[in-house]
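Since the model is a prediction, treat every value here as computed from it, not as a measurement. Every heavy atom of this structure was used, including side-chain atoms; hydrogens, water molecules and symmetry mates were not. Lettering follows sequence order; numbering is per chain, from 1.
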Amino acid sequence: MLDIKLIRADPELVRAGCAKKRIKCDVDRILELDDEFRGLAPQIDELRASQKLAGKAIAKASPEERAKLLEEQKQLKTGLKELEERMGAVQAELKPLLLTVPNLPAAEVPDGLDDSDNVELRKWGTPRLFDFEPLDHVDLGERQGWMNTEVAARLGGSRNYITLGELARLEHAVLRFAMDLMIERGFDPAFVPVLVRREPLEGTGYFPGGIDQIYMTDERDELYLVGTAEVPLTSIHAGEILSEEQLPVQLVAQSSCFRREAGTYGKDTRGLYRVHQFQKVEQVVIDVADEARSLEHHAAILKNAEDLLQAFELPYRVVNVCGGDLGAPQVQKFDVETWMPSREGYGETHSASRFHDFQARRLSIRYRDKEGKVHYCHTLNNTVAASSRLLIALMENHQLPDGRVAVPSALRPHMGGLEVIGKPIREVTAAEAAEVEA
RNA sequence: GGAGAGGUGGCAGAGUGGCCGAAUGCGCUAGAUUGCUAAUCUGGUGAUCCCUCACGGGAUCCGGGGGUUCGAAUCCCCCCCUCUCCGCCA
């Protein structure tokens, strides 16, 4: 949510932000309603003030006077009620409209329509040149007996997966590595609900815009399955006024993530890339309202993700996400895309966002500074490890000619020391065998 | 699922129709004071919105929403949450 004062003071800035994000938003109507609000508020305040004074007079008045005063107040009350009803209508329209106003993109956000306009900032590692025909993760996984998409679909519909045996172990190892890394870097580990009420989703900015992507339970409970632990983690301090000494709050949690993937029919249907449920470790930062501090955090949470990929020996690139590909709540977002041989390209595995005070306003997360003044916090978050997509990269990039998969040394401690997983499932030439030895 | 008790400021906790945005204690903070640490005394100390260049003024907020009333933390209705006991359960 943007500060209404900002919209009032500089509507052009807001319109420009909407345009850059390709988001439609009725700024004019908001200004109209705000204008009406500001006309009504002082009138109502004044009437209530006189009502209060009259009330005190009535309490002290003699019986004769009292009857007269009561009559006067009854008259006043009708007028007040009318104004209050109009005020109610104005607010009922204004509030949902304000929730649709997107956050303003930073100047550094490139202009553009969709992810093809994202700007590459840097690359790390070199995509491997295979001197054999590599298998994609689905072939590899099913032939090793590690994955069964057919059974997964029978149990939970399409876009589901089951990992088994060593691959399941690898999935655990990835998640565990991610948690350990973040704890080492000073983040507090947490377990959080994945079934939440409307407020955390509205507060983090997923509602109303992203409602189609969210699973919800029926009217008996009216609960929603989160698409990321960001939602409950960021909402932990909702409604609080933190003291400045408590900041920054740095949290990390692993959770199941649920996504409806509405409108993606026929897209990425094969394998683990786009699934309805996966495991993810997410990092969240809540800190003071300071642009420079926010930028530092943004760089740091991005580095956490990059360090993980480097430890996994996976080539990746970082892109500066353009306006049209940016979500409504973000000020700026860097995506990390990891090399996936079967896609012959980089696929998004991480998304590092900063929000300014957008989420904090909606969630009412505030802090008291050293002078005792209250401000809204800044929030940020980034993926640490989305297990399903990392499994694609790990299997495909580290596969051996015989169909086994090498385990990066960073993951071996969580794999009982295994250096390679799987059994030979393909014929190899003598030259290839020699290469595997090396 | 059944029965009961509750939800008040940063925290604890009083307040059952007007004198209550709210006692008191703790915390925080400024000052005074005493070799230091500490203690003691005195004062200050909620948020949001509106008007104002400002000084200042006004309104709203006692879990949320609605109602009764000239007037609601206080009375009524609905909802949410927490705790205790019983039942069930990983």
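- The C1' atoms of B/C11 and B/G46 are separated by 13 Å, rounded to the nearest whole Å.
- Nucleotides B/C36 and B/C20 have their C1' atoms positioned 45 Å apart, rounded to a whole Å.
- A salt bridge is absent between A/Lys303 and A/Glu306: the closest approach of a Lys/Arg side-chain nitrogen to an acidic carboxylate oxygen does not fall below 4.0 angstrom.
- Base pairing analysis places B/A23 opposite nothing; no Watson-Crick or G-U wobble pair with both distances below 3.5 Å involves it.
- In summary, A/Asp268 and A/Arg343 engage in a salt bridge, as defined by a charged side-chain N under 4.0 Å from a carboxylate O.
- A/Cys25 contributes atom SG, which lies 7.0 Å from atom CD1 of A/Ile7 (distance to the nearest 0.5 angstrom).
- Under a 4.0 Å N-O distance rule, the pair A/Lys21/A/Asp325 does not qualify as a salt bridge.
- The interatomic distance linking A/Ile241 (CD1) with B/C11 (P) rounds to 9 Å, in whole Å.
- Both distances falling under 3.5 Å, in either a Watson-Crick or a G-U wobble arrangement, place B/G44 opposite B/C28.
- Between A/Asp139 and A/Arg270, at least one side-chain nitrogen of the basic residue sits less than 4.0 Å from a carboxylate oxygen of the acidic one, meeting the salt-bridge criterion.
- Residues A/Glu291 and A/Arg354 are paired through a salt bridge, judged by an N-O separation under 4.0 Å between the basic side chain and the carboxylate.
- Taking atom CD of A/Glu245 as the reference point, atom P of B/G10 lies 16 Å away to the nearest angstrom.
- Checked against a 6.0 Å centroid threshold, the rings of A/His375 and A/Tyr367 count as neighbours.
- With both ends at atom C1', the span from B/G10 to B/A5 equals 26 Å, rounded to whole Å.
- Distance CG (A/Leu83) to P (B/U60): 14 Å, rounded to an integer number of Å.
- Straight-line distance from the CD atom of A/Glu244 to the C1' atom of B/U29: 15 Å, rounded to whole Å.
- The separation between A/Ile58 atom CD1 and B/C19 atom C1' is 15 Å, rounded to whole Å.
- Residues A/Asp369 and A/Lys373 are not paired through a salt bridge, judged by the lack of any N-O separation under 4.0 Å between the basic side chain and the carboxylate.
- Between A/Val374 and A/Arg8, the one whose closest nucleotide on RNA chain B sits nearer the 5' end is A/Val374.
- Aromatic ring orientation, A/His356 versus A/His378: tilted (interplanar angle from 30° to 60°).
- Taking atom P on both B/C76 and B/C81, the two are 22 Å apart, rounded to the nearest angstrom.
- For A/Phe358 and A/Tyr376, the ring centers sit 6.0 Å or farther from each other.
- Residues A/Asp111 and A/Lys20 are not paired through a salt bridge, judged by the lack of any N-O separation under 4.0 Å between the basic side chain and the carboxylate.
- Look at NZ on A/Lys95: it is 15 Å from C1' on B/C49, rounded to the nearest Å.
- Taking a 4.0 Å limit (strictly below) on heavy-atom distances, residues 196-204 of chain A reaches RNA chain B at A/Arg197.
- Base pairing annotation: B/C62 forms no Watson-Crick or G-U wobble pair, as no partner gives both donor-acceptor distances under 3.5 Å.
- When both distances must be under 3.5 Å, the Watson-Crick or G-U wobble mate of B/G18 is B/C70.
- Nucleotides of RNA chain B nearest to A/His375 and A/Gln73 differ in position, and the one nearer the 5' end is that of A/His375.
- A salt bridge links A/Glu84 with A/Arg48: the closest approach of a Lys/Arg side-chain nitrogen to an acidic carboxylate oxygen falls below 4.0 angstrom.
- Contact check on A/Glu199 versus A/Arg362 returns no salt bridge, with no Lys/Arg side-chain nitrogen under 4.0 Å from an Asp/Glu carboxylate oxygen.
- The gap from the P atom of B/G6 to that of B/G13 amounts to 13 Å, rounded to the nearest Å.
- Under the 4.5 Å side-chain criterion, counting only non-hydrogen atoms from C-beta, A/Leu104 is in contact with A/Leu2.
- Rounding to whole angstrom units, CG of residue A/Leu94 and P of B/U48 are separated by 19 Å.
- With both pairing distances under 3.5 Å, B/C85 is matched to B/G2 as a Watson-Crick or G-U wobble pair.
- When both pairing distances are held under 3.5 Å, B/G35 makes no Watson-Crick or G-U pair with any nucleotide shown.
- The P atoms of B/G17 and B/U74 are separated by 11 Å, rounded to the nearest whole Å.
- B/G27 and B/U33 have their P atoms separated by 23 Å, with the value rounded to a whole Å.
- Atom pair A/Leu69:CG and B/U69:P shows a separation of 18 Å (rounding to whole Å applied).
- Within 4.0 Å of A/Lys5, counting heavy atoms only, lie sugar-phosphate atoms of the nucleic acid but no base atom.
- Contact check of residues 33-52 of chain A against RNA chain B (heavy atom, cut-off under 4.0 Å) returns A/Phe37, A/Arg38, A/Pro42, A/Asp45, A/Arg48, A/Ala49, A/Gln51, A/Lys52.
- Rounded to whole Å, the P atom of B/C89 lies 24 Å from the corresponding atom of B/G4.
- Phosphate proximity of B/C70 to A/Lys74: present, with a side-chain N or O under 4.0 Å from OP1 or OP2.
- Residues from residues 358-369 of chain A lying near RNA chain B, meaning a heavy-atom separation below 4.0 Å, are A/Arg366, A/Arg368 in numerical order.
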